[in-house]
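Heads up, the thing below is written out as structure tokens.
Quick caveat: nothing in here was measured; it's all calculated off a predicted structure. Quick note on labels: first sequence line is chain A, next is B, and so on, each numbered from 1.
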2 protein chains.
Amino acid sequence: MSTSASGRPQRVDARHNRGRILDVAEEVFGKGGRSASTEEVARLAEVGIATVFRHFPTKAALVEAVLVRRFDRLREHAEGLLGSADAGAAFFDFFSHLVADAATKIAIGEALHDLTGDTDGDAATASLGLRRAFGALLRRAQEAGAVRDDAELPEVYALLVATSRAASQPHVDAEVRARMLAIVFDGLAPR
Amino acid sequence: MSTSASGRPQRVDARHNRGRILDVAEEVFGKGGRSASTEEVARLAEVGIATVFRHFPTKAALVEAVLVRRFDRLREHAEGLLGSADAGAAFFDFFSHLVADAATKIAIGEALHDLTGDTDGDAATASLGLRRAFGALLRRAQEAGAVRDDAELPEVYALLVATSRAASQPHVDAEVRARMLAIVFDGLAPR
DNA sequence: GAATATATGGAGTCATGACTTCGGATGTCA
DNA sequence: TGACATCCGAAGTCATGACTCCATATATTC
């Protein structure tokens with residue numbers, strides 16, 4: 001990724017621009033969803049449109065790169081929590097964190113929604129990795145008696161995706177989001 | 001609506017086409033979301049594209065007409081349940097019904113998401129009417145002791161929208177949906 | 001600091017989809 | 001059944017946004 005196909009190292013300005021484009025794209029797609037235009041990304045990154053397409057051959061590839069980075073970070077976060085002492089808190093904290101995160105990242109919610117079940121592409125792979133890590137958190141919380149035993153990953157993950165998307169509704173503020181999560185968490189408590 | 005602006009009654013072929021276009025549009029936008037093309041609506045309705053635009057001046061107007069009709073039906077359904085004896089069952093049945101309904105109507109879920117909070121436009125008005133009727137169902141269920149008292153409409157409605165959208169995920173089948181709802185409903189039960 | 005491969009940006013092209021125009025068809029009413 | 005307003009579909013126009021070309025600029029190497 002840091003060297004061109006010919007084996008020679010990428011020029012520093014090129015590497016710098018690539019990172020900048022990724023950062024801006026995360027911001028732009030986070031705010032406007034996938035339908036935000038590539039031109040806006042270029043404008044805010046202060047590069048020409050051609051530069052964007054040189055680094056990412058298609059818009060889909062750019063979106064995918066953004067999602068992979070974000071999913072990987074979330075997965076790392078989840079995996080980090082696997083070592084924590086309180087398995088219940090780890091599970092619920094991560095759930096809350098992801099929902100709050102998605103609240104400002106429309107594209108993430110969209111992608112979680114659309115990609116779940118897909119198997120092709122790097123973003124789908126990263127999404128699956130996140131789902132697996134979340135599944136491990138869930139299992140540990142269940143073994144610790146913090147989450148009901150009869151809840152299985154598909155429905156819990158569906159709830160995670162659902163509440164994430166709901167959180168990006170314009171008028172769902174932090175308070176409503178917290179109360180919504182409180183209801184879901186009560187539903188996940190052991191019977 | 002059944003007469004033209006000049007006061008003369010609409011020709012029967014025109015009225016017939018209008019209804020047919022609405023039906024097909026509900027199907028097409030339900031399946032593909034708002035981004036489905038007007039041309040496909042025309043093709044499946046077996047009319048020319050111009051006919052669609054004659055009846056609905058813009059694509060947005062067509063989508064709005066579809067949504068108004070659907071929201072109104074849902075609201076009527078909710079209002080009908082206000083008379084039922086079991087207030088708890090009425091609330092949960094309507095919740096389940098709307099989620100199952102949205103599972104096959106992507107545009108409905110999108111609209112519920114986007115319109116909530118809006119105040120302009122007929123679809124927003126219809127959406128608000130649905131929300132009000134749902135609020136009445138909720139209050140009655142709370143008074144009957146079937147739903148926890150501290151749950152307020154904003155978060156419960158957000159949950160309704162959230163689970164509706166989740167239900168339209170490709171791999172969320174009826175079983176997963178039912179288990180997801182079971183968790184939410186347990187969370188809504190009195191403490 | 002000169003040579004050269006690499007990177008850049010702005011002006012294109014092209015496809016898509018919303019919307020319009022207009023000659024012809026059809027329901028309606030006397 | 002004839003006159004006519006209304007309605008129709010096919011072939012347009014136009015704007016948007018993804019993607020490309022090429023002359024210029026800059027990093028890197030010796």
Side-chain angles (χ1 to χ4, degrees), chain A residues 1-25 27-29 31-67 106-107 110 121 123, chain B residues 1-25 27-29 31-67 106-107 110 121 123:
Chain A
M1 197 70 91
S2 63
T3 60
S4 68
S6 66
R8 182 184 287 230
Q10 212 178 24
R11 264 167 53 171
V12 297
D13 55 344
R15 196 200 313 276
H16 173 256
N17 273 337
R18 188 181 198 279
R20 182 169 179 73
I21 289 166
L22 261 184
D23 288 342
V24 170
E27 170 79 18
V28 170
F29 292 133
K31 207 152 140 202
R34 313 165 109 97
S35 63
S37 75
T38 313
E39 198 188 336
E40 194 183 352
V41 174
R43 193 164 41 79
L44 293 181
E46 294 175 327
V47 299
I49 183 82
T51 300
V52 176
F53 281 101
R54 196 168 307 107
H55 287 288
F56 305 94
T58 64
K59 178 183 179 177
L62 172 59
V63 172
E64 182 148 73
V66 168
L67 292 177
I106 297 178
E110 283 180 0
Chain B
M1 196 71 90
S2 63
T3 60
S4 68
S6 66
R8 182 184 287 228
Q10 212 178 25
R11 264 167 54 171
V12 296
D13 53 346
R15 195 201 314 274
H16 173 255
N17 273 338
R18 188 181 197 278
R20 183 170 178 74
I21 288 166
L22 261 184
D23 288 342
V24 170
E27 169 80 19
V28 169
F29 292 133
K31 208 152 141 200
R34 315 164 107 96
S35 63
S37 76
T38 314
E39 198 189 335
E40 193 183 353
V41 174
R43 193 164 41 78
L44 292 181
E46 294 174 327
V47 299
I49 183 84
T51 300
V52 176
F53 281 100
R54 196 167 306 109
H55 287 287
F56 305 94
T58 63
K59 179 182 179 177
L62 173 58
V63 172
E64 181 148 71
V66 169
L67 292 177
I106 297 178
E110 283 179 0

Exercise. Take atom CD of Q10(B) and atom P of dC29(C), then tell me their distance rounded to the nearest Å.
Key: 13 Å
Self-check item: Rounded interatomic separation in angstrom, taking CD from E39(A) and P from dA11(C)
Solution: 11 Å
Quiz item: Do the side chain of K59(A) and the main chain of S37(A) share a donor and acceptor less than 3.5 angstrom apart?
Solution: no
Quiz item: Counting side-chain heavy atoms from C-beta on, which of dA18(D), dA18(C), dG9(D) comes nearest to K59(A)?
Solution: dA18(D)
Exercise. Return the nearest nucleotide to the side chain of T51(B); candidates are dG9(D), dA18(D), dT20(C).
Key: dG9(D)
Practice problem: May I ask you to evaluate whether T38(B) reaches the phosphate of dA18(C), defined as a side-chain N or O under 4.0 Å from OP1 or OP2? | Solution: yes
Quiz prompt | Closest non-hydrogen atom pair, V47(A) against N17(A) | solution = CG1-OD1, 3.6 Å
Quiz item: If you pin A50(B) and A50(A) to their nearest nucleotides in DNA chain D, which one's is more 5'?
Solution: A50(B)
Exercise. Check whether any side-chain heavy atom of L22(A) sits under 4.5 Å from a side-chain heavy atom of F56(A), and report yes or no.
Key: yes
Self-check item: Beyond-backbone contact of F29(B) with L67(B), side-chain heavy atoms, under 4.5 angstrom
Solution: no
Quiz item: Once you round it to whole Å, what is the distance between C1' of dT13(C) and CD1 of I49(A)?
Solution: 14 Å
Practice problem: Send over the distance from F53(A) CZ to dT20(D) P, rounded to a whole Å. | Solution: 8 Å
Quiz item: Looking for any heavy atom pair under 4.0 Å, which part of the strands does E46(B) touch: base, sugar-phosphate only, or nothing?
Solution: sugar-phosphate
Quiz item: Within this structure, what is the CG-to-P distance between L62(B) and dC19(C), rounded to whole angstrom?
Solution: 10 Å
Quiz prompt | R34(A) CZ to dA18(D) P, straight-line distance once rounded to whole Å | solution = 13 Å
Quiz item: Roughly, in whole Å, what's the span from CZ in R43(A) to P in dT8(C)?
Solution: 19 Å
Exercise. Measure the distance from CZ on R18(B) to P on dT6(D) and round it to the nearest whole Å.
Key: 18 Å
Quiz item: N17(A) side chain N/O closer than 4.0 Å to the phosphate oxygens (OP1, OP2) of dA7(C)?
Solution: no
Quiz prompt | Base dT6(C) paired with R11(A) side chain (donor-acceptor, <3.5 Å) | solution = yes
Quiz item: Does a side-chain heavy-atom distance below 4.5 Å link R20(A) with H55(A)?
Solution: no
Quiz prompt | Donor-acceptor pair (no angle test) under 3.5 Å: R54(A) side chain, dG9(C) base | solution = yes
Exercise. Using a heavy-atom cut-off of under 4.0 Å over every strand shown, decide if H16(A) touches base, sugar-phosphate, or nothing.
Key: nothing
Self-check item: Selection from dA18(D), dA10(D), dC8(D) that lies nearest to any side-chain heavy atom of H55(B)
Solution: dC8(D)
Quiz item: On DNA chain C, nearest-nucleotide positions of D13(B) versus A60(B): which is more 5'?
Solution: A60(B)
Quiz prompt | Sugar-phosphate only, base, or nothing, as touched by A14(A) at under 4.0 Å among non-hydrogen atoms | solution = sugar-phosphate
